[in-house]
There are 2 protein chains.
Amino acid sequence: MKETKQEQEKEISTEDKIKEAARKLFTQKGFDAVRTRDIAEEAGINLALLNYYFRSKQKLFDIIMLENFRKFLQLISGKLLAEGFTRDEKIEKLVELYIDMLIENPDLPLFILNEMRGNPSKLAMEIDSQTGVLRSNFFKEIQGDADGKIAGMEPLNFVANLIGLMVYPFAAKPILQWVTGVNDDEFNRIMQERKKLVPVWIKAIMQSSEGGREAASR
Amino acid sequence: MKETKQEQEKEISTEDKIKEAARKLFTQKGFDAVRTRDIAEEAGINLALLNYYFRSKQKLFDIIMLENFRKFLQLISGKLLAEGFTRDEKIEKLVELYIDMLIENPDLPLFILNEMRGNPSKLAMEIDSQTGVLRSNFFKEIQGDADGKIAGMEPLNFVANLIGLMVYPFAAKPILQWVTGVNDDEFNRIMQERKKLVPVWIKAIMQSSEGGREAASR
DNA sequence: GTCTATAAAGTGATAGAC
DNA sequence: GTCTATCACTTTATAGAC
């Protein structure tokens with residue numbers, strides 16, 4: 001019989017089918033815009049099964065949300081930053097890992113930005129405990145100056161610039177494609193190039209900010 | 001009688017009260033997350049009046065959406081760019097105007113990003129005709145090179161970097177505040193400073209990208 | 001585990017009195 | 001113009017048969 005373990009080509013449990021359908025839709029459209037019926041249809045199962053496996057739409061969403069946050073934060077909190085690399089090397093590796101992840105998950109940035117808008121503190125604590133990232137970790141690893149600044153910049157500016165240069169093109173992908181007429185393949189090619197470019201730009205920004213204090217560093 | 005034109009302190013028409021309540025809620029939370037009842041309550045009026053003045057929730061949303069887009073695009077399409085300024089001057093003025101606008105309307109970026117995700121082309125054409133911005137205008141004014149690049153960069157990279165450095169801190173405001181522990185006042189102070197910093201950073205980025213082709217421009 | 005049928009609550013919109 | 005009451009429909013969630 002063809003009833004063994006691989007019926008057609010992939011054997012996915014019903015629970016996972018629902019979860020994957022939910023991940024896709026929730027990440028793309030957010031909690032309110034998705035109906036449980038959409039998820040059931042996308043998963044190819046009956047509506048009642050959703051409540052059988054996950055107690056409610058909200059609980060299913062919470063699971064997806066936590067996993068999405070973890071995916072987004074694990075790179076920042078990763079051991080990478082703790083190894084023996086220089087600051088520039090840390091930035092180079094972080095950018096490469098991050099942009100690769102973003103090419104695979106282009107909807108993640110907007111999802112995160114939207115979720116953080118609503119419940120920053122409530123979510124944040126949950127995430128902190130789940131991922132083990134104390135929010136100061138990132139800074140310790142990236143080396144602040146004696147006055148708490150990074151290369152002469154406000155920490156907020158440094159983080160905003162670094163994360164923004166990585167994340168913003170993905171959050172604004174439709175706008176940028178509309179403005180520039182770039183198609184999906186070209187977009188991904190440009191993002192690949194940005195893996196090398198963003199670290200260069202970040203260094204240029206840091207040098208322009210450091211300029212005022214120490215005339216020559218080498 | 002106290003029934004003249006200024007009863008308590010401000011005389012706002014019911015229609016405008018509804019519109020302002022709708023603008024606030026729609027811009028903050030998006031179409032799906034807002035109930036018509038929320039708008040009515042926020043406006044301090046009855047639910048039925050919403051449908052009396054605006055035929056439906058959707059029509060009310062469309063009005064807000066168009067106004068939000070116009071606010072976001074008018075600076076890019078403004079006459080500023082067409083005056084006799086140099087490229088650097090154009091960037092300086094654009095950044096200053098933009099960040100001032102964003103400080104006044106911090107929810108605008110996320111709203112725009114979310115709306116553009118769904119219906120880029122449909123919306124885009126509507127906007128184009130409403131605002132009179134052909135999407136190429138911005139590039140003409142900002143001076144591309146002979147090969148279509150801007151200071152040696154892909155146009156998409158130039159736009160993403162420029163807009164991203166202005167917009168991203170506002171889109172990610174809660175995250176950045178959580179990570180850095182910065183309060184609202186400090187955040188706004190840093191954004192004020194960014195009006196001067198972003199142009200400097202953009203120039204640093206352009207120089208690092210131009211480096212490969214022309215050794216010295218001055 | 002999976003389905004159909006339906007309950008229970010929410011939500012946009014309108015009718016009609018004032 | 002503004003209100004109350006209510007309709008019509010959607011949506012989440014569950015009960016119960018198989």
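When reading the values below, keep in mind they use all heavy atoms of this one structure, side chains included, and skip hydrogens, waters and symmetry mates. Keep in mind the model is a prediction, meaning the values are calculated, not measured. Reminder, nothing fancy here: chain letters follow the sequence lines and each chain counts from 1.
For Asp32(B) and dT10(D), the CG to C1' distance is 13 Å, given to the nearest whole Å. With rounding to whole Å, Gln58(B) atom CD is found 16 Å from dT10(D) atom P. For the pair Tyr52(B) OH and dA5(D) C1', the interatomic distance rounds to 19 Å; values are reported in whole Å. Between Lys57(B) atom NZ and dT14(C) atom C1' there is a gap of 17 Å when expressed in whole angstrom units. The separation between Arg35(A) atom CZ and dG12(C) atom P is 10 Å, rounded to whole Å. Rounded to a whole Å, the CD1 atom of Ile45(B) is 11 Å from the C1' atom of dG1(D). In this structure, the CG atom of Leu49(A) is 15 Å from the P atom of dA13(D), given to the nearest Å. Distance Arg55(A) CZ to dA15(D) C1': 15 Å, rounded to the nearest Å.
Here the side chain of Asn51(B) is nearest to one of dG12(C), dG1(D), dT14(C), namely dT14(C). Checked against dA13(D), dC3(D), dT4(C), the side chain of Ala48(A) finds its nearest nucleotide in dT4(C). If you check dC3(C), dG12(C), dG1(C) against the side chain of Asn46(A), the one that comes closest is dC3(C).
Residue-level contact check: Tyr53(A) touches the backbone only, with heavy atoms under 4.0 Å from sugar-phosphate atoms and none from bases. At the heavy-atom level, Leu47(B) lies under 4.0 Å from base atoms of the strands shown.
Between the side chains of Lys71(A) and Gln74(A), no donor N or O sits under 3.5 Å from an acceptor N or O. For the residue pair Gln58(A) / Asp62(A), a side-chain donor-acceptor distance below 3.5 Å is found, with atom types taken as modelled.
A close approach under 4.0 Å does occur between a side-chain nitrogen or oxygen of Thr14(B) and OP1 or OP2 of dT2(D). For Thr36(B), a side-chain nitrogen or oxygen approaches OP1 or OP2 of dG12(C) to under 4.0 Å.
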For Lys93(A) and Glu96(A), what are the C-alpha separation, side-chain angles and deciding distance, and is it a salt bridge (charged side-chain N to carboxylate O under 4.0 Å, His left out)? CA-CA 5 Å; Lys93(A) 288 179 187 297; Glu96(A) 180 160 8; over 6 Å; no

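For Arg35(B) (side chain) and Asp32(B) (main-chain N/O), a donor-acceptor pair under 3.5 Å exists by modelled atom type. The backbone N or O of Met101(B) sits less than 3.5 Å from a side-chain atom of Asn105(B), completing a donor-acceptor pair.
The base of dG12(C) sits with one of its N or O atoms less than 3.5 Å from a complementary donor or acceptor on the side chain of Arg37(B).
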